[in-house]
Participant: 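Sending over a structure as structure tokens; questions will come in a sec.
Throughout, protein chains are lettered first and strands after them, A, B, ... in sequence-line order, and every chain is numbered starting at 1.
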Number of protein chains: 2
Amino acid sequence: MNIYDVSEHAGVSIATVSRVLNGNPNVSEKTREKVLKVMDELGYTPNVFARGLGLNTMKTIGIMCSDSSDPYLAGAIYYLERGLRAHGYDAILCCTGYDLDAKQKYFDLLRSKRVDAIILAGSKFVEMRAKDNAYIIEAASDLPIMLVNGFLEGENIYSTVCDDHAAVYGAASQLLSSGRRRILYVYTSYSYSGVNKLEGYKDALKSKGITPSDELIRQCPKDIEAARELLLSLHREGLEFDAVITSDDSLAVGAVKYAHIADISIPRVLSIIGYNNSLLARCTDPEITSIDSKVEALCTTTINTLMGVFSGVNVPSRTTIASDLIKRKTTNF
Amino acid sequence: MNIYDVSEHAGVSIATVSRVLNGNPNVSEKTREKVLKVMDELGYTPNVFARGLGLNTMKTIGIMCSDSSDPYLAGAIYYLERGLRAHGYDAILCCTGYDLDAKQKYFDLLRSKRVDAIILAGSKFVEMRAKDNAYIIEAASDLPIMLVNGFLEGENIYSTVCDDHAAVYGAASQLLSSGRRRILYVYTSYSYSGVNKLEGYKDALKSKGITPSDELIRQCPKDIEAARELLLSLHREGLEFDAVITSDDSLAVGAVKYAHIADISIPRVLSIIGYNNSLLARCTDPEITSIDSKVEALCTTTINTLMGVFSGVNVPSRTTIASDLIKRKTTNF
DNA sequence: TTGTACGCGTTATCAC
DNA sequence: GTGATAACGCGTACAA
């Protein structure tokens with residue numbers, strides 16, 4: 001069942017069938033109807049491979065993410081996929097894990113599949129060492145690279161980021177204004193967004209004349225129990241803190257659990273602010289105040305930018321989206 | 001940059017290049033090395049479209065799910081994608097939502113992309129009315145259809161399911177054995193797995209000589225707050241229950257919140273059992289006893305079955321995987 | 001062991 | 001408004 005069969009049954013040439021197929025206006029209404037009727041009768045579907053061969057595109061975008069089961073990334077993938085499909089594009093998903101070699105391997109794999117663009121979802125794709133990002137910059141000469149919540153400078157590379165610095169700066173400032181003095185900051189990694197968050201924290205302290213102290217800045221695996229244990233051990237060591245800001249909701253859940261175990265009143269004695277405003281923030285008692293990183297806006301902006309790139313419109317290489325602080329019961333403001 | 005360029009530079013025919021490309025043993029070691037060297041120098045990558053056109057396959061599988069941001073499905077997608085990629089297949093993701101028309105539309109879309117198989121992830125793709133599943137059964141004549149946690153009878157349709165009936169049966173039986181008498185069952189939908197779970201609940205009661213009562217079987221949207229409010233209103237109406245089993249962890253979280261608000265002791269006065277053993281079950285205090293539906297096993301089995309189908313091996317049309325009850329602090333056994 | 005020639009199904013470029 | 005025909009790049013009989 002191909003274009004020849006249709007042309008034969010309709011008594012026209014394959015060129016005419018192709019024109020009907022692609023909405024070319026140079027076809028008489030009568031011919032068009034005849035061809036469409038035959039297509040319908042024969043249940044004809046164009047062969048995407050042949051089309052791809054001719055056009056050198058299959059209208060397919062590669063989405064890379066480190067772990068699609070992470071709540072934040074799962075949301076991002078959902079919005080990206082729906083957005084792409086609304087524009088007639090397919091999404092090939094690629095879960096890379098966190099290893100650089102694997103990321104590069106999958107990146108090349110997607111390129112060899114001739115996807116029309118690659119979306120890097122999440123802040124884990126930009127490495128601290130510039131040379132580790134060379135493969136991305138180089139690839140961008142072939143196809144647009146879109147970063148969701150990550151930033152990389154380069155031709156044909158477009159970033160859409162949440163203003164993490166302002167978000168944490170604002171959250172920390174509010175904690176300080178409400179009388180908190182020793183804010184613990186717990187983060188998971190030194191990614192692009194991780195660094196921005198941390199700087200936001202430090203700058204908020206500095207703006208109130210407080211020198212950030214290393215003992216109040218702690219790294220922790222992205223895991224509820226790990227965060228709980230970390231805070232318990234800090235507590236046992238005698239470290240004092242009256243507030244916690246975490247770089248992810250799961251760590252904030254761990255903080256709530258810590259407070260329950262140590263019998264510390266939330267938010268009277270301890271304030272807690274999480275990040276991402278995920279489902280997790282609404283599971284605990286009290287529910288967690290969390291910074292909403294606006295995944296949906298991030299993703300729709302990414303898709304819009306990409307479509308702009310495809311249509312040759314001039315688009316910004318970097319778009320910043322403001323976050324929201326969703327106030328719940330782990331803070332008293 | 002194509003196979004002709006390589007053949008020219010290497011001083012061989014395109015056929016030989018093709019043989020090298022596909023690991024055909026009928027090439028002398030010397031020629032092979034020469035060709036590989038040229039490929040490397042030229043940075044040659046085979047064109048997948050041309051290959052797809054000839055072979056009529058792009059080694060790509062369509063994964064349909066209603067909502068990839070749902071924790072359970074996000075996990076499933078992760079394991080499916082990784083499993084497929086390990087076998088050299090790409091995954092096209094397609095988030096359909098819950099509307100039947102949309103599901104059919106996307107199903108046809110994937111078929112028109114000539115994917116090698118379609119995986120339906122989650123129990124939301126099998127409708128109660130047989131005629132609403134006709135489109136799946138019909139499509140199965142063209143390509144294998146794999147159901148993850150759903151069952152549909154038909155040629156070339158393969159189901160991998162969790163034994164939901166046994167899971168809930170076991171959970172309810174343990175609650176009864178521990179002295180609970182009025183177990184509330186809260187479910188979200190009448191899907192394949194939804195019905196099995198409910199039957200497991202009913203059968204467990206019957207086996208102990210208890211007649212299931214409609215007032216203890218309630219439907220509820222898959223939402224923390226909705227579940228909390230439902231239980232609160234049942235409580236206010238004076239309905240008595242000393243245990244709750246829910247068809248999803250999010251509902252169980254709602255149940256925990258209800259107990260906190262109504263000042264009911266868990267598990268002394270109220271036992272709670274959730275479903276899916278997701279991250280949510282570990283967020284609350286007390287942490288929730290939950291039925292582990294073995295997503296990973298479900299997915300790897302699905303992939304293995306699919307690979308079996310591709311290689312012509314005889315595979316079972318239905319595989320059942322046993323679930324686990326993960327005991328935490330909302331039950332006293 | 002290697003090469004030639006054709007088919008795969010579409011789009012695009014002509015000529016009419 | 002329509003038709004003939006050349007790409008597109010690969011796999012693979014078949015011939016050598």
Participant: Between dT11(C) atom C1' and Met58(A) atom CE, what is the distance in whole Å?
Facilitator: 15 Å
Participant: Taking NZ from Lys59(A) and P from dT10(C), how many angstroms apart are they, rounded to a whole number?
Facilitator: 18 Å
Participant: Is there a side-chain contact between Arg114(B) and Thr57(B) (heavy atoms, below 4.5 Å)?
Facilitator: no
Participant: Mind checking what makes side chain to side chain contact (heavy atoms under 4.5 Å, CB included) contact with Ala140(A), not counting sequence neighbours?
Facilitator: Ile145(A), Asn156(A), Ile157(A)
Participant: Is there a donor-acceptor contact under 3.5 Å linking the side chains of Thr302(B) and Thr305(B)?
Facilitator: no
Participant: Any non-hydrogen side-chain atom of Tyr44(B) less than 4.5 Å from a side-chain atom of Ile3(B)?
Facilitator: yes
Participant: To the nearest Å, give me how far apart CG (Asn26(A)) and P (dA12(C)) are.
Facilitator: 13 Å
Participant: Whole angstroms only, please: what is the CZ-C1' distance between Arg19(B) and dT12(D)?
Facilitator: 9 Å
Participant: Would you call Leu100(B) and Asp132(B) a side-chain contact if the rule is heavy atoms closer than 4.5 Å?
Facilitator: yes
Participant: To the nearest 10 degrees, how far apart in direction are the end axes of the helix from dT1(C)-dA16(D) to dC16(C)-dG1(D), each fit to five base pairs?
Facilitator: 40°
Participant: Round to the nearest Å and state the distance from Asn24(A) atom CG to dT10(C) atom C1'.
Facilitator: 15 Å
Participant: Any side-chain N or O of Ser28(A) below 4.0 angstrom from OP1/OP2 of dT2(D)?
Facilitator: yes
Participant: Write down the distance between CG (Asp5(A)) and P (dG9(C)), rounded to a whole number of angstrom.
Facilitator: 9 Å
Participant: Please determine, for the side chain of Thr16(A), which listed nucleotide (dA12(C), dT2(C), dT2(D)) has the closest atom?
Facilitator: dT2(D)
Participant: Considering only NZ, NE, NH1 and NH2 on the basic side and carboxylate oxygens on the acidic side, decide whether Lys37(B) and Glu41(B) come within less than 4.0 Å.
Facilitator: yes
Participant: Using a cutoff of under 3.5 Å, can you pull out all pairs of nitrogen or oxygen atoms linking the protein to nucleotides 7-11 of chain D, with atom names and distances?
Facilitator:
{"from": "dC10(D)", "atom 1": "OP1", "to": "Tyr44(B)", "atom 2": "OH", "distance (Å)": "2.5"}
{"from": "dC10(D)", "atom 1": "OP1", "to": "Asn47(B)", "atom 2": "N", "distance (Å)": "3.1"}
{"from": "dC10(D)", "atom 1": "OP2", "to": "Ile3(B)", "atom 2": "N", "distance (Å)": "2.5"}
{"from": "dC10(D)", "atom 1": "N4", "to": "Tyr4(B)", "atom 2": "OH", "distance (Å)": "3.2"}
{"from": "dG11(D)", "atom 1": "OP1", "to": "Asn22(B)", "atom 2": "OD1", "distance (Å)": "3.4"}
{"from": "dG11(D)", "atom 1": "OP1", "to": "Asn22(B)", "atom 2": "ND2", "distance (Å)": "3.4"}
{"from": "dG11(D)", "atom 1": "OP1", "to": "Arg51(B)", "atom 2": "NE", "distance (Å)": "3.1"}
{"from": "dG11(D)", "atom 1": "OP1", "to": "Arg51(B)", "atom 2": "NH2", "distance (Å)": "3.1"}
{"from": "dG11(D)", "atom 1": "OP2", "to": "Ser18(B)", "atom 2": "OG", "distance (Å)": "3.0"}

Participant: Taking the six-membered ring for Trp, are the ring centroids of Phe125(A) and Phe151(A) within less than 6.0 Å of each other?
Facilitator: no
Participant: Is it true that a side-chain atom of Asn149(A) and a backbone atom of Val161(A) form a donor plus acceptor pair closer than 3.5 Å?
Facilitator: no
Participant: Flag the pair Leu80(A) / Cys299(A) as yes when at least one side-chain heavy-atom distance between them is below 4.5 Å, and no otherwise.
Facilitator: yes
Participant: Report the distance from atom CZ of Phe49(A) to atom C1' of dT11(C), rounded to the nearest whole Å.
Facilitator: 17 Å
